[in-house]
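All values below come from the heavy atoms of this structure, side chains included, with hydrogens, waters and symmetry mates left out.
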Amino acid sequence: MRLITISLAVLLVLIQFPLWMGKGGWLRVWDLDKQVAAAQKKNDELKARNAKLGSEVQDLREGTGAVEERARYELGMIKDGEIFIQILDPNGAPLAAPAAPAAPTTLQAEKGN
């Protein structure tokens with residue numbers, strides 16, 4: 001009787017092995033499910049980034065506000081008729097001023113004389 005019980009237990013374990021550890025077993029399915037969830041999360045992040053970049057491209061194509069803002073802050077440009085004022089701190093270093101413009105426009109050159 002003891003031999004039959006042991007052999008049935010061994011057969012039960014052998015039958016269960018492919019279910020848990022086999023090619024299509026529960027552990028493999030669980031691992032693949034985690035990989036799919038991680039890929040979906042990354043895809044959602046990339047979709048949000050693409051949407052942000054798409055709206056920025058559309059704004060640059062259609063609107064002049066974004067182009068003007070970039071020209072002012074990144075290139076240090078100013079409009080015709082504007083006066084550029086730079087405030088210095090007591091130590092002599094500029095305080096959060098944009099880069100100096102490359103060359104003054106003709107209108108600015110006339111105002112300076």
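For the pair Arg49/Glu45, no side-chain contact is recorded, criterion being any heavy-atom separation below 4.5 Å from C-beta on. Lys41 places none of its side-chain heavy atoms less than 4.5 Å from the side chain of Asp44.
Taking the charged nitrogens against the carboxylate oxygens, Lys52 and Glu56 have no contact shorter than 4.0 Å, which rules out a salt bridge.
Residue Lys47 holds its NZ atom at 9.0 Å from CD of Gln40, rounded to the nearest 0.5 Å. To the nearest 0.5 Å, atom CD1 of residue Ile6 and atom CG of residue Leu11 are 12.0 Å apart.
Annotation: Ile4, atom CD1; neighbour count of heavy atoms from other residues, nucleotides and ligands within 6.0 Å does not exceed 12.
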* To do: Decide yes or no on salt bridge (charged side-chain N to carboxylate O under 4.0 Å, His left out) for Glu68 and Arg72, but give the supporting numbers first.
  => CA-CA 6 Å; Glu68 180 180 340; Arg72 286 178 178 272; 3.2 Å; yes
